[in-house]
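Data first, discussion second: the structure below is written as structure tokens.
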Number of protein chains: 2
Amino acid sequence: MDIREIARRAKVSTATVSRTINRVPTVDPLLAKRVWRVVNELGYYPNRQARALVSGRSRIFGLIVSEITNPFFPEIVQSFEDLAVQHNYELLLTSTVHDPKRMEMSVRRMIERRVDGVAILTFGMEDSLIGDLRFRKVPLVFVDVGPRMPGVSNIRVQYQEGIREAVQHLAALRHTRIAFVSGPLALRSAVARKAAFEQSMQEIGLKVARELIIEGDHTMKGGMRALLELLSVRERPTAVLCSNDMTAIGVMREAFDYGIRVPEDLSLVGFDDIRMAQFMIPPLTTVQMSQTELANLAFQALLNHVESDSLSLKHKEYILHTTLVVRKSTAIAASSSAEEKAAKARRLVSRTA
Amino acid sequence: MDIREIARRAKVSTATVSRTINRVPTVDPLLAKRVWRVVNELGYYPNRQARALVSGRSRIFGLIVSEITNPFFPEIVQSFEDLAVQHNYELLLTSTVHDPKRMEMSVRRMIERRVDGVAILTFGMEDSLIGDLRFRKVPLVFVDVGPRMPGVSNIRVQYQEGIREAVQHLAALRHTRIAFVSGPLALRSAVARKAAFEQSMQEIGLKVARELIIEGDHTMKGGMRALLELLSVRERPTAVLCSNDMTAIGVMREAFDYGIRVPEDLSLVGFDDIRMAQFMIPPLTTVQMSQTELANLAFQALLNHVESDSLSLKHKEYILHTTLVVRKSTAIAASSSAEEKAAKARRLVSRTA
DNA sequence: CACATTTCAGAATACGTTTTCTAGCGTGTT
DNA sequence: AACACGCTAGAAAACGTATTCTGAAATGTG
């Protein structure tokens, strides 16, 4: 089932078969017809590894994520796959599961397969790890952070936009004591979100109370813990803004267990707009960071590097906007009248008892 | 950065370099040391496509799913990836998005990359489509269905087990009117689940009311529609068993909107045990079909076919058990006293008004 | 010590393509 | 009519590795 087999049967040379299959226009239509006929009869599929070997391009793009099970990623992977199919590329998916060893293996696997580019969507990938990729001039695209070098592009997420909208939204609902549950501050994206929150609060003239800023870890458990911490504060917040949706879901979950109603007693805003957000009860108001758009930008960035014959290996920046999606987890701030507080306390006691 | 470059610098032949890297024991330790030294100095990574070309195995396993965004799959993909890393394989992930054209492309891509085996986890893959794979003797593993042929294995899911447990669980909670929301009956797995439900009910001596069997579509919307339909029934069910978790989540969502409390007014059981199930409010009681286990079986099946040098291409069957996981969405059946019914009706009216 | 046998490194070939190079043929120009 | 040129198909080389084959050295045996 070679190209040679085809050549023999069509009584042409392998060169002609190759040219026919690759639709090189200079081949005689008559010969082409003969070739196609045999190709279809035999069900011949070209061998990609042989192609890659001689052409120097594998038509594979690597995609490195932290965990596929992180609900943020499936949409991205799906979109990336769609684009890959469209452009006749393959997707080499790799997950680091936050393990330095796995990160190293990811990079190694990408190189061994000679991928034509890598989109790095895992945060905390050390510069030293991507050294090998850079060394081999593999086009890269980073989200957020990333070195400003030829051959690597960045997608800058405009956290500020959406978070500002969220804060304004809450303020419009008369919330003044707004808490923020951050992500792990070792992540630059988490730091950026926190900074965006603080700046937005300042812009709008609200005080950010020190005790209302909690460091979470972007997991549901973290959100649950965060709410607990917030409950022990003297003057409780009436709204909580979370660094990602999973955290918000954790807060929601714990609030439910304590009889705190969302949004009546507590308004809640997430970040990311993962699928699950709209399935929650109540549906989560959140800042959308379009995963489809992100995948598009990443793919295009790689494609740009590859298609432009190494002339424009220039560093490029892409912008990913964020915007608030209002659903049902936010409402007018509960009045802080005495009865209300007493009622809230009662509910709390009855549950913990 | 060839193997030849290494050979030149280490002053040995390429054959020796190859043998060294592949840890063939017959190579002189002294030479091996020289080779490794150069390999490390230059940061040489072997070229997988060249290897694949000459060795005849690509060390790639294909994984075909219906949609990556279907919450059932991310866990599977992650587990499969883990195993792939462990066994020095690559994962070629492909999604069909229920599109016959995409299915065909999936198969084609698998063949062009010359994968060493394919796990088919999408339902509704036509036999004609896998013809090309079978023709090329690519090892296959199917879930549920699948032809009984040499070179292809099956993973049989024991739907009956878990569904029986679920029905028994509900019966023990004094439920007698139990509804079932099926998946699309074009899917064999959906049919199997429905049949398992009916048999379990019969076993335990409960009547399956014709009007309490609704055909859903395995989506949240489908679940919402199903509940609506169930609400219009003369004598309403006190419990609903769903063919998958997304359906159950839809039911839960719609119930919330109608003021029907889960589990107080309505007990709810799902199927699959996707991650999200435990995050719901209340956490969903569901029949677990371990995605990790599924991935393990699939990978092992492929590995068996590949490792055993084409001698045992025998058809093999693997069993995947299912079991009930009790959480918070099921409770004692609401008594059907007159007041209760009236109260339920009132709540319903007040919401729809 | 001579010869047979084993061991191991290197030369050469193969894997399935793409692509460069070459040669033949037809066409157009003077 | 002779010559130059463009066009296209085939021959051959290349991509980077594994592996078979070959020969030389080392080892064992009588």
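Note on naming: letters A, B, ... go to the chains in the order of the sequence lines (proteins, then strands), and numbering restarts at 1 for each one. Scope of the values below: all heavy atoms of this structure, side chains included, with no hydrogens, waters or symmetry mates.
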Figure out the [atom1]/[atom2] separation between [X] and [N], and round it to whole Å.
{"X": "A:K33", "N": "D:dA9", "atom1": "NZ", "atom2": "C1'", "result": "20 Å"}
{"X": "A:R59", "N": "C:dT18", "atom1": "CZ", "atom2": "C1'", "result": "14 Å"}
{"X": "B:R48", "N": "D:dC15", "atom1": "CZ", "atom2": "C1'", "result": "18 Å"}
{"X": "A:D28", "N": "C:dG26", "atom1": "CG", "atom2": "P", "result": "13 Å"}
{"X": "B:I6", "N": "D:dT17", "atom1": "CD1", "atom2": "P", "result": "9 Å"}
{"X": "B:L31", "N": "C:dT7", "atom1": "CG", "atom2": "P", "result": "17 Å"}

Q. Between A:Y89 and A:F61, what is the ring plane arrangement, given parallel below 30°, perpendicular above 60°, and tilted in between?
A. parallel
Q.
Using a 6.0 Å distance limit plus a 45 degree cone around the ring axis, check whether A:R108 lies over the aromatic ring of B:Y45.
A. yes
Q.
Looking only at side-chain N and O atoms, does A:Q86 offer a donor or acceptor that is under 3.5 Å from a partner on A:D82?
A. no
Q. Is there a donor in the side chain of A:S79 and an acceptor in the side chain of A:Q291, or the other way round, less than 3.5 Å apart?
A. no
Judged by atom type as modelled, is there a donor-acceptor pair below 3.5 Å linking the side chain of [X] to the main-chain atoms of [Y]?
{"X": "B:S58", "Y": "B:R114", "result": "yes"}
{"X": "B:D28", "Y": "B:L30", "result": "yes"}
{"X": "B:E317", "Y": "B:I155", "result": "no"}
{"X": "A:T16", "Y": "A:V12", "result": "no"}

Q: Could you list by number each residue of residues 18-27 of chain B showing a heavy-atom separation from DNA chain D of less than 4.0 Å, or answer none if no residue does?
A: B:S18, B:R19, B:N22
Using nucleotides 14-16 of chain C, report all nitrogen or oxygen pairs with the protein that are shorter than 3.5 Å.
from   : atom 1 : to   : atom 2 : distance (Å)
C:dG16 : OP2    : A:R4 : NH2    : 3.3

